[in-house]
Amino acid sequence: MTGRRREDVIDQLSRVGDAGAAVEELLSQKSQTSFFTVELTLADIMAGLVEISGMEGGRSQREKIRVIQRLLSSASPLEGHYITAILLEDFRIGVGDGNLRDAIAQAFTVDPKLVEYANQVRNDMGEVSVLALSGEEALRSVRLVPFHPVRMMLARQGTISGVLGEGVRVAVEYKYDGARFQFHKQNGTCRMYSRRLEEVTSAMPDVVALLDGALPDDVIVDGEVIAVQDGRPMPFQMVLRRFRRKHNVAQAADAITMVPNLFDILYYNQEMLIDRPFIERREILTKVSSRYVTPQLVSGKEEEIEDYYHDALDAGHEGVMLKLLDSRYTPGVRGKDWVKIKPEADTLDLVVTGAEWGEGKRAQVFGSFLLSVRSNGRLVPISRVATGFSDEQLNWLFQTLQDDIIRKDGKMVYFEPRLVFEIGYSEIQKSPNYEGGYALRFPRFIEVREDKDIKEANTAEDVEERYILAHRPVNN
DNA sequence: ACTGGCTGCCC
DNA sequence: ATTCTGC
DNA sequence: GCAGAATGGGCAGCCAGT
């Protein structure tokens, strides 16, 4: 569309760090030499997007590219910027749900709290703004309906002592390492939705059948499915093999047993329950469901909760959730009403053997680093890390590592090994992608171990030992 | 029929 | 997921 | 305290290319 070489475009992208901005610059350079542009209308753009969304199968990528090329080549630089942003769903204009909510509230002179509430229930800002047009009463009267999933309530991280105050009692439940789901049933039909509200019913026929058997008609419940074997939870990777599968579902279901755990109910028998206190919802859930309701401890005693937490870890779960007893169900909100308690991260000292150029606000520095363990005198990659750095640290690392670069390959660079990072992680997992066969889950940068030589970094044997230790059967 | 690269979504 | 940053 | 940004491992699905 601009007559540029592929490499130039890639260069531009990595320099600017924002695809929309990069396209805008490329188009503005082009318009200096070419003045022949056809006027682009909103209808043209809409038609192009609709066309693209209907494409699939052989040669569909080529066709999609052709349509985008057509749009961009008749776009002004600014139009190109935002067409690109639309395509990538990446506007970077500082407008999120909160700003949109306030704008709708002001436009139709309604309480922003009601706009938020209606959006929580309906999960559709377009519909909500139409409701706002007819006034506050319309926003107030929104109702949950089966097969219209709502966003999940989310938890923040915390500590037991941080949650417990004077005379505070909380509900304590296991935190399962599986996939979140929302299950709807009405008129004998069942549907299951993922965290992003994708429908996963056909991937989970076994779980759907279990829930169908356990629940009455006309309900919406919230829970987590995990993979189990001999009564113990299986690694999260097993969940991934099942959760969104479309092909060979029966075979996978045969190989990997999934079990649902229910911990909330949002709707039952024509009645919306999200505004009721959590303890009431819990009571309804236990009455409504004959099985699969997650066990719960209600307590205000720190030691008792600690014990429950250690039981959860011993049973192979991630930790516990602490939930305030009088809290409402707030869809999509990561509030302080639900708090997750997980073990502190373990750490390893790893050798920095490579890095990759960053994007966006990291366009001028390395965005991630390749980490290795020592193994028989060699260095073997085990993970990358990209979080935990301050901007200042990223700048410093970029500069100090310049002299160590011994090889470049695309956006990757490789170093003469020198630095040791202390890296926090939640778990060591089997890896099909890393040579050593292990990788870290949720790696994060703690600090540069300037006191350590690479000869003092952790070894592949250390990693294996920790993996085995973590997966040994508990006996006490 | 297979592989490799990329995307989207689970955490 | 985790973490940092600007408001 | 919140929203936004940049990034992790790993899985299935999809498409291109052979």
Side-chain angles (χ1 to χ4, degrees), chain A residues 17-18 55-65 87-102 152 154-158 175-181 193-200 202-204 224-227 235-249 251-252 256 258 318 332-336 340 342 344-345 355-371 381-394 410 423-434 437-446:
Chain A
D18 173 303
M55 290 176 179
E56 58 177 52
R59 278 182 294 283
S60 60
Q61 290 191 350
R62 197 179 307 172
E63 288 305 296
K64 287 177 187 174
I65 289 169
L87 289 167
L88 296 178
E89 294 180 272
D90 186 16
F91 274 85
R92 306 192 194 207
I93 54 177
V95 177
D97 281 2
N99 285 334
L100 184 58
R101 173 198 62 212
D102 291 350
M152 314 258 177
L154 304 170
R156 60 181 47 189
Q157 295 187 79
K175 183 181 190 307
Y176 298 101
D177 190 13
R180 189 80 177 271
F181 70 84
Y193 302 91
S194 71
R195 161 105 176 243
R196 292 285 286 268
L197 311 185
E198 307 276 329
E199 208 190 316
V200 292
S202 54
M204 302 270 105
E224 180 104 358
V225 266
I226 57 172
F236 178 70
Q237 278 144 303
M238 295 296 142
V239 176
L240 285 181
R241 286 185 199 164
R242 291 254 359 236
F243 195 58
R244 291 163 59 241
R245 177 177 283 278
K246 291 188 181 176
H247 311 303
N248 303 114
V249 170
Q251 262 171 276
I256 302 169
M258 302 287 282
E318 268 195 318
V333 177
R334 191 180 290 283
K336 54 185 168 13
K340 56 184 161 189
K342 294 212 239 179
E344 250 187 79
E356 187 170 18
W357 284 90
E359 292 186 6
K361 66 181 180 182
R362 293 192 187 168
Q364 310 300 327
V365 294
F366 297 131
S368 68
F369 297 85
L370 184 65
L371 307 166
I382 182 170
S383 267
R384 298 169 169 236
V385 66
T387 191
F389 307 97
S390 67
D391 293 352
E392 195 188 351
Q393 284 170 321
L394 283 173
I423 298 295
Y425 64 92
S426 71
E427 188 184 13
I428 292 167
Q429 56 191 1
K430 284 264 191 221
S431 170
N433 301 319
Y434 284 94
Y438 295 100
L440 305 183
R441 193 172 181 202
F442 308 142
R444 57 264 208 187
F445 172 80
I446 308 291

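Throughout, protein chains are lettered first and strands after them, A, B, ... in sequence-line order, and every chain is numbered starting at 1. Side chains are part of it too, since the values below use all heavy atoms of this structure and drop only hydrogens, waters and symmetry mates.
Among the nucleotides D:dC15, B:dC10, D:dG9, the one closest to any side-chain atom of A:A439 is D:dG9. Comparing B:dC11, D:dA6, B:dC9 against the side chain of A:R362 picks out D:dA6 as the nearest. Distances from the side chain of A:Q429 to the nucleotides D:dG9, C:dT2, D:dA6 place D:dG9 closest. Taking only side-chain atoms of A:P443, from C-beta outward, the nucleotide of D:dC15, D:dG8, B:dC10 with the closest atom is D:dG8. Closest approach to the A:F236 side chain among C:dA1, B:dC10, D:dG13 is made by B:dC10 (side chain taken as heavy atoms from C-beta onward). Of the candidates B:dC11, D:dG10, C:dT3, D:dG10 carries the atom nearest the A:L240 side chain, counting heavy atoms from C-beta on. Distances were taken from every side-chain heavy atom of A:R195 (C-beta onward) to each of C:dA1, D:dG8, D:dG13; the shortest belongs to C:dA1. Of the candidate nucleotides B:dC10, D:dG10, D:dG8, D:dG8 has the atom nearest to the side chain of A:A386.
When ring centroids are compared, A:F369 and A:F389 come within the 6.0 Å threshold.
Using a 4.0 Å heavy-atom distance criterion, A:K64 is classed as making no nucleic acid contact. Using a 4.0 Å heavy-atom distance criterion, A:R59 is classed as a sugar-phosphate-only contact. Note on A:R196: only backbone sugar-phosphate atoms sit closer than 4.0 angstrom, heavy atoms only; bases stay farther off. Counting non-hydrogen atoms under 4.0 angstrom, A:F243 reaches the backbone sugars and phosphates but no base. Backbone-only contact: A:G57 has heavy atoms under 4.0 Å from sugar-phosphate atoms and none from a base. Nucleic acid contact for A:F445: none, since no nucleic acid atom lies under 4.0 Å from a heavy atom of the residue. Backbone-only contact: A:G360 has heavy atoms under 4.0 Å from sugar-phosphate atoms and none from a base. A:D391 comes within 4.0 angstrom of the backbone, heavy atoms only, and of no base. As judged by a 4.0 angstrom heavy-atom cut-off over every strand, A:Y425 is placed among residues making no nucleic acid contact. The residue A:S426 sits apart from the nucleic acid: no heavy atom pair falls under 4.0 Å.
Distances shorter than 4.0 Å separate some side-chain N or O of A:R444 from OP1 or OP2 on C:dT3. Within the 4.0 Å cut-off from OP1 or OP2 of D:dA12, at least one side-chain nitrogen or oxygen of A:R245 is found. Distances shorter than 4.0 Å separate some side-chain N or O of A:S194 from OP1 or OP2 on B:dC10. Close to D:dG9, at under 4.0 Å from its OP1 or OP2, lies no side-chain N or O of A:Q237. Listed pair A:R62 / D:dG17 meets the phosphate criterion, a side-chain N or O lying under 4.0 Å from OP1 or OP2. At D:dG8, one or more side-chain N or O atoms of A:R384 fall inside 4.0 Å of OP1 or OP2 (strictly under the cut-off). For A:S368, no side-chain nitrogen or oxygen approaches OP1 or OP2 of D:dT7 to under 4.0 Å. Between A:N433 and D:dG9 there is no side-chain N or O to OP1 or OP2 distance below 4.0 Å. Proximity of A:S390 to the phosphate of C:dC4: no side-chain N or O atom is located under 4.0 Å from OP1 or OP2. Between C:dT2 and A:K342, a contact under 4.0 Å exists linking OP1 or OP2 to a side-chain N or O.
Between A:K361 atom NZ and D:dA6 atom P there is a gap of 6 Å when expressed in whole angstrom units. Remark: C1' of D:dC11 and CE of A:M204 are 12 Å apart, rounded to the nearest angstrom. In this structure, the CZ atom of A:R242 is 17 Å from the C1' atom of D:dG13, given to the nearest Å. Distance, A:R241 CZ to D:dG13 C1': 16 Å, rounded to whole Å. A:E392 places its CD atom 13 Å from the P atom of C:dC4, with the value rounded to the nearest Å. Atom CD1 of A:I423 is separated from atom C1' of D:dT7 by 13 Å (rounded to the nearest Å). Going from atom CG of A:L154 over to atom C1' of D:dA3 covers 14 Å, rounded to whole Å. The distance from atom CZ of A:R156 to atom P of C:dA1 is 13 Å, rounded to the nearest whole Å.
With hydrogens and angles left out, the side-chain atoms of A:S368 and A:R384 include a donor and acceptor closer than 3.5 Å.
Of the charged side-chain nitrogens involved, none lies within less than 4.0 Å of a carboxylate oxygen, so that A:D177 and A:K342 do not count as a salt-bridged pair. With respect to the salt-bridge test (charged N to carboxylate O, under 4.0 angstrom), the residues A:R180 and A:E224 do not qualify.
A:S426 contributes atom OG, which lies 6.5 Å from atom CZ of A:R444 (distance to the nearest 0.5 angstrom).
Side-chain N or O atoms of A:R195 include none that pairs as donor or acceptor with a backbone N or O of A:A179 at under 3.5 Å.
Checked by distance alone, A:T387 brings no side-chain donor or acceptor within 3.5 Å of a matching partner on the base of D:dT7.
In this structure, A:E56 places its CD atom where only 12 or fewer heavy-atom neighbours from other residues, nucleotides or ligands lie under 6.0 Å away.
In terms of heavy-atom proximity, A:S383 sits nearest to A:L440 at OG-N, 2.9 Å.
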